[in-house]
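Take a look at the structure below.
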Amino acid sequence: MTELISQRPTWAEINLDNLAANFHAAKKFIGDTKYMAVVKADAYGHGAVECAKRLEAEGVDWFGVALPEEGVELRKAGIRKLILCLGGFWEGQETLALNYGLTPVVYQIEKAAILNAAAAERGSDISIHIKIDTGMGRIGVRFDQVAEFADALLPMEHLRVEGMMTHFASADDLGQNDFTDLQIERFNRAVATFREKGFRPAYLDMANSPGAVAHPSSRSNLVRLGGVLYGLGGDVLPPNIDKPELKPVMSLHTKIAHLKTVPTGETVGYGRTFTTVHESVIATIPIGYQDGYSRTLSNKSRAIVNGVAVPVIGRISMDWTTLDVTGVAGIKIGHVVTLIGTDGDASIKAEDLARATDTISYEITCGVNRRVPRMYRSDIQ
Ligand SMILES: *Cc1c(COP(=O)(O)O)cnc(C)c1O
């Protein structure tokens with residue numbers, strides 16, 4: 001296990017070999033197409049720069065970020081591959097796109113005009129990807145307004161429509177396949193309309209992780225993968241289908257800070273929500289909801305100590321959590337505690353914490369606070 005020096009011993013380990021293995025497993029499963037690694041939101045909490053460096057070395061074609069400033073962070077770290085800004089850009093950020101070689105998604109004609117003018121001013125062109133809203137209902141040119149949008153773009157000589165994309169609302173739910181198929185159909189019609197107007201988009205992409213894995217007809221010539229790269233397949237891919245074998249990338253650890261034996265009938269923590277029913281050994285660990293270990297896991301989740309899964313007892317507080325470690329042999333202050341990950345035969349996944357708190361695994365890994373240092377591990381490089 002990784003040691004920290006002169007710091008609170010609470011850390012997230014990011015296994016870059018597993019990240020690489022997931023990319024190759026996904027590629028083998030999905031097949032011959034281009035691959036965009038979505039590294040928005042600090043790579044779903046895994047650390048965008050380190051993840052992007054490794055994925056670039058493994059042969060990813062594109063990176064996807066939510067915000068232009070996330071793209072700038074990657075460029076400053078030396079990432080050279082294409083970067084798509086999935087959420088477009090805010091006024092004033094057109095210069096970031098131009099200066100750092102970022103490709104903005106465009107879905108409003110006003111933004112297209114801003115970008116066209118900024119490119120014209122410096123005598124250059126800029127590549128853009130057009131987002132079509134085929135049913136997600138969030139951002140994008142509505143599928144029934146594509147022709148008007150294409151007409152309005154035509155005079156903007158400094159924009160190159162290099163790609164067209166859409167995003168699925170329910171690709172993870174096979175019960176809604178009809179809707180996913182409808183989105184695919186609407187997208188294909190939008191592309192045909194653009195072509196009729198004379199545009200020649202090279203990249204056509206629809207698929208997120210569940211699209212790429214479960215809907216072969218959505219793979220087109222570029223897929224945008226987030227979750228599967230981070231090994232978070234358990235709750236964002238449809239159950240009971242063929243899928244690539246994925247390995248978790250993030251694990252979350254701390255060490256026992258305090259141990260005590262308490263008699264029967266004592267309460268532990270805020271609100272006194274837990275009462276010992278026998279003489280108990282209680283371990284206090286230095287992690288809390290500020291770190292992203294949600295208070296809603298109080299009295300619900302488990303942690304692993306010396307290969308044994310033990311219950312979280314009492315309320316999780318801002319910086320501390322308490323465990324009932326009664327009966328765990330040889331337990332000592334300083335022993336490693338695993339909150340997400342594997343220790344011996346016991347294992348806890350981000351998906352398990354998500355299920356217990358009525359969310360998805362993405363919110364669990366995204367939620368691990370910046371106060372928790374990421375320790376990058378690679379045994380290969
Ligand atoms: C986040 C995102 C993705 C990646 O989705 P996953 O389910 O994590 O694979 C793809 N496309 C867009 C537009 C996104 O915002």
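As the structure lists them, so they are numbered: ligands from 1, and atoms in each ligand from 1. We use all heavy atoms of the structure for the numbers below, so side chains are in, but hydrogens, waters and symmetry mates are not.
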In ligand 1, the atoms that come under 4.0 Å of a heavy atom of Y362 are 6 (P), 7 (O), 8 (O)
NZ/NE/NH1/NH2 to OD/OE distance under 4.0 Å, [X] and [Y]:
{"X": "E185", "Y": "R189", "result": "yes"}
{"X": "K131", "Y": "D133", "result": "no"}
{"X": "E56", "Y": "K81", "result": "no"}
{"X": "D235", "Y": "K349", "result": "no"}
{"X": "R370", "Y": "D42", "result": "yes"}

Looking only at protein heavy atoms, which one is nearest to [atom], and how far off is it?
{"atom": "atom 12 (C) of ligand 1", "value": "H167 CE1, 3.3 Å"}
{"atom": "atom 11 (N) of ligand 1", "value": "R224 NE, 2.8 Å"}
{"atom": "atom 2 (C) of ligand 1", "value": "K40 NZ, 2.5 Å"}
{"atom": "atom 9 (O) of ligand 1", "value": "S209 OG, 2.5 Å"}

Check if V38 has a non-hydrogen atom at a distance under 4.0 Å from any atom of ligand 1.
yes
When you compare ligand 1 with [X], is there at least one nitrogen or oxygen pair between them that comes in under 3.5 angstrom?
{"X": "G227", "value": "yes"}
{"X": "G226", "value": "yes"}
{"X": "Y44", "value": "yes"}

Self-check item: Residue pair Q290 / R371, side-chain heavy-atom distance below 4.5 Å
Solution: yes
### Message
Would R315 and Y270 count as a cation-pi pair here, with the cationic atom under 6.0 angstrom from the ring centre and within 45° of the axis?
### Response
no
